[in-house]
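To start, the structure itself, in structure tokens.
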Amino acid sequence: MKKLVDLRNITKSFGSQIVLDDLNLYIRENEFLTLLGPSGCGKTTTLRILGGFETPDTGSVIFDGSDITKLPPNKRQLNTVFQKYALFTHMTIAENIAFGLKIKHKPASYVKDKIKYALKLVNLDGFENRMPDSLSGGQQQRIAIARAIVNEPKLLLLDEPLGALDLKLRQDMQYELIRLKNELGITFIYVTHDQEEALTMSDTIVVMNQGYIQQIGTPESIYNEPENAFVADFIGDSNIIASTMIEDRLVQILGARFACVDEGFGRNKPVDVVIRPEDVELTLPEQGTIRGEVTHLIFKGVHYEMEVLANGFEWLVHSTKMFPVGTQVGIQVDPFNIQIMNKPESEDEEAVGVNE
Amino acid sequence: MNRKALSAPYLFWITAFIVIPLGMVLYYGLTDKTGAFTLENIIAIATAEHSKALWIAIKFSLESTVICLLLAYPLAMILAGMQISQHSFIVFIFILPMWMNFLLRTLAWQTLLEKSGVINNILGFLHLPALNIINTPAAIILGMVYNFLPFMVLPIYNSLTKIDPNVINAARDLGANSVQTFARITLPLSLPGVISGITMVFVPALTTFVISTLLGGSKILLIGNVIEQEFTQAGNWHLGSGLSIVLMLFILINMILTAIFDKDGEGNAL
């Protein structure tokens with residue numbers, strides 16, 4: 001698919017603080033791409049550079065084949081859905097939605113049709129004459145989306161649009177956004193710090209930390225094959241254990257040898273191993289590769305969360321089977337579920353990779 | 001019960017210093033020297049001397065309100081656009097003169113503007129023509145603008161800082177250039193502050209007599225001067241009160257207009 005946006009060598013600092021350091025990223029047409037990371041990782045700054053609200057110190061923004069680095073926001077063929085909605089409180093819902101179209105001097109009948117269409121699209125028919133203040137948070141967010149998409153942008157930027165909503169509403173809106181994206185065929189760039197939101201909605205996730213891209217990939221690959229400890233730790237719960245790669249397809253974890261599927265790390269090489277809590281299988285003590293004792297047990301609804309002390313490490317385990325505290329258990333891991341990662345080699349790489 | 005008790009000092013205050021004086025003004029304004037009811041003191045506004053004073057007062061206060069607005073809006077925008085660390089200092093600088101007595105500040109202008117005052121000394125030293133604005137309408141309006149400008153800046157500044165920067169960004173994002181964004185978003189959203197500022201400048205300017213006395217000599221009489229003279233020099237409390245009632249009506253009209261425009265009451269939060 002065609003590249004719609006290309007960010008080339010973007011660097012941005014505020015005062016002495018470097019927010020983005022030589023960022024390179026492209027977004028394909030019709031992609032749902034999520035910038036994911038903790039606060040201060042540079043994701044919002046990246047979005048603001050795309051929207052035209054910040055100018056990068058160096059580098060260029062290529063949009064649809066032309067350089068828009070210096071273009072003001074009103075000249076860009078993209079629209080933004082802002083955090084906390086940013087509706088025009090002195091205008092009715094219809095006037096809010098019509099704002100962009102009226103600026104572009106579209107005929108009145110066209111504007112009227114568009115308002116109706118947009119309100120239908122976000123399931124708020126008949127809200128034309130209401131004022132923004134009389135709407136709930138979820139409704140205001142829908143209006144903010146409607147206000148952006150009536151302009152038929154090629155690219156929609158969403159800056160933590162669901163951050164102010166409660167959990168249930170947030171989940172509903174996630175499905176709503178996916179539906180909208182499919183109906184409209186617009187490219188979405190979505191910024192969030194919520195990994196669940198990112199995993200649910202995205203085609204591509206870009207994990208960022210301290211101004212650097214940590215990993216780009218599909219939700220599955222980000223979750224199942226994190227490239228470094230930061231990504232593994234940020235996306236979901238995980239057991240990250242310093243280990244040694246004995247040889248291809250054999251790794252020594254906490255003194256015990258586990259079969260794995262990774263190759264090419266070399267012999268007797270120190271590595272980090274990631275094992276997701278749901279991939280740790282608890283067995284009878286004699287059947288496990290290593291043995292341990294259950295130290296904590298919490299019922300989580302779908303599963304039990306347990307901690308197992310084995311060979312000096314507290315293993316986090318999610319299982320539908322319950323093992324009471326004090327039970328002696330064995331631990332087994334399927335070779336496919338052991339993810340091997342290179343240890344950061346230099347201190348520089350360490351700063352890029354892991355921020356604990 | 002407890003709550004009612006807490007409001008007692010406040011009720012006493014309003015009664016002693018607002019309700020009773022107002023009642024006295026009404027009593028004096030609507031009676032003659034014998035104590036009989038009359039509308040003469042009110043109708044007295046129609047005499048050439050009084051209506052001229054009222055007209056000049058309205059004209060001067062409108063002019064100074066407009067000048068204040070034109071000066072204050074850009075200033076408030078600059079202040080609101082600054083970072084917190086910078087603007088709190090500048091707001092402080094701006095409020096600083098307000099801590100000094102109003103009379104002293106106006107007297108200072110008298111000294112500055114006098115024929116042989118500070119400004120003309122400097123102009124003379126530079127061999128420039130002297131400035132002759134003391135005892136002219138210009139001096140009075142200057143005094144009004146100087147004294148009341150902060151009351152225009154602060155409410156406008158307040159309403160501007162309340163606007164979410166992302167609302168401005170959203171307008172730009174939807175295709176509005178900076179002029180369109182100002183006209184359609186910033187200005188309408190700051191209107192409560194503007195209206196509040198207009199009231200806070202217009203009302204004191206309309207009723208002032210100190211500024212016109214000190215900077216206008218005794219040549220230019222505003223309605224405030226006329227009322228003051230009736231009380232202090234002529235000793236005619238009845239006429240003074242009658243004219244005060246007329247002036248209050250004008251202020252009341254201003255307040256009603258303000259209330260109509262400023263529905264949310266936002267701009268009043270100083």
Side-chain angles (χ1 to χ4, degrees), chain A residues 14-15 44 47-48 50-54 71-92 95-106 114 118 131-133 140 143-153 155-161 163-164, chain B residues 73 76-77 80-89 155-198 257-269:
Chain A
F14 296 111
T44 299
L47 202 74
R48 288 175 62 81
L50 278 166
F53 306 112
E54 302 284 357
L71 218 58
N74 52 318
K75 300 262 171 65
R76 300 188 178 202
Q77 277 196 1
L78 50 84
N79 286 110
T80 310
V81 177
F82 291 91
Q83 224 169 354
K84 292 191 218 128
Y85 334 129
L87 295 179
F88 306 134
T89 48
H90 60 299
M91 297 181 185
T92 65
E95 285 166 339
N96 265 280
I97 296 175
F99 188 85
L101 300 173
K102 282 189 181 156
I103 291 281
K104 291 179 200 95
H105 302 291
K106 300 279 186 199
K114 269 287 184 186
M131 295 304 281
D133 286 344
Q140 291 193 39
I143 297 302
I145 294 167
R147 183 179 66 177
I149 58 180
V150 286
N151 302 291
E152 298 175 358
L155 174 64
L156 191 65
L157 308 176
L158 301 107
D159 183 10
E160 307 214 23
Chain B
Y73 204 102
M77 278 193 85
M82 283 178 169
Q83 284 169 3
I84 305 265
S85 54
Q86 298 171 312
H87 74 190
S88 56
F89 176 71
I156 297 177
Y157 165 77
N158 248 331
S159 61
L160 283 176
T161 49
K162 271 194 219 155
I163 301 174
D164 178 0
N166 271 347
V167 169
I168 307 296
N169 285 343
R172 302 279 284 139
D173 184 78
L174 291 165
N177 60 34
S178 42
V179 176
Q180 287 166 323
T181 304
F182 177 78
R184 297 188 192 200
I185 306 296
T186 313
L187 188 61
L189 285 176
S190 66
L191 222 48
V194 171
I195 286 163
S196 173
I198 288 174
L257 288 177
T258 308
I260 291 170
F261 283 110
D262 186 14
K263 287 174 210 132
D264 310 326
E266 271 181 39
N268 292 322

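Numbers restart at 1 for each chain; the letters A, B, ... are given by sequence-line order, proteins then strands.
- Ranked by heavy-atom pairs under 4.5 Å with chain A, the first of B/Ile185, B/Leu191, B/Asp164 is B/Ile185.
- Cation-pi contact between B/Arg184 and A/Phe88: absent, since separation from the ring centre below 6.0 Å together with deviation from the ring axis within 45° is not met.
- When each of B/Thr181, B/Ile168, B/Asp173, B/Asn177 is checked for heavy-atom pairs under 4.5 Å with chain A, B/Asp173 comes out on top.
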Working note: A/Asn96 + A/Tyr85, criterion side chain to side chain contact (heavy atoms under 4.5 Å, CB included); need CA distance, chi angles, decisive distance, verdict.
CA-CA 11 Å; A/Asn96 265 280; A/Tyr85 334 129; over 6 Å; no
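- Taking the side chain to side chain contact (heavy atoms under 4.5 Å, CB included) definition, one finds that B/Asn169 meets it with A/Arg48, A/Phe53, A/Phe82, B/Asn166, sequence neighbours left out.
- Using a 30° and 60° split on the angle between ring planes, B/Tyr73 and B/Phe182 fall in the perpendicular class, above 60°.
- The residue among A/Asn74, A/Ile103, A/Asp159 with the most heavy atom pairs within less than 4.5 Å of chain B is A/Asn74.
- The pair A/Lys114-A/Glu152 counts as a salt bridge, with a side-chain nitrogen and a carboxylate oxygen less than 4.0 angstrom apart.
- In this structure, the portion of A/Asn151 lying under 4.5 Å from any heavy atom of chain B is its side chain and not its backbone.
- For A/Leu101, no part lies near chain B; criterion is any non-hydrogen pair under 4.5 Å.
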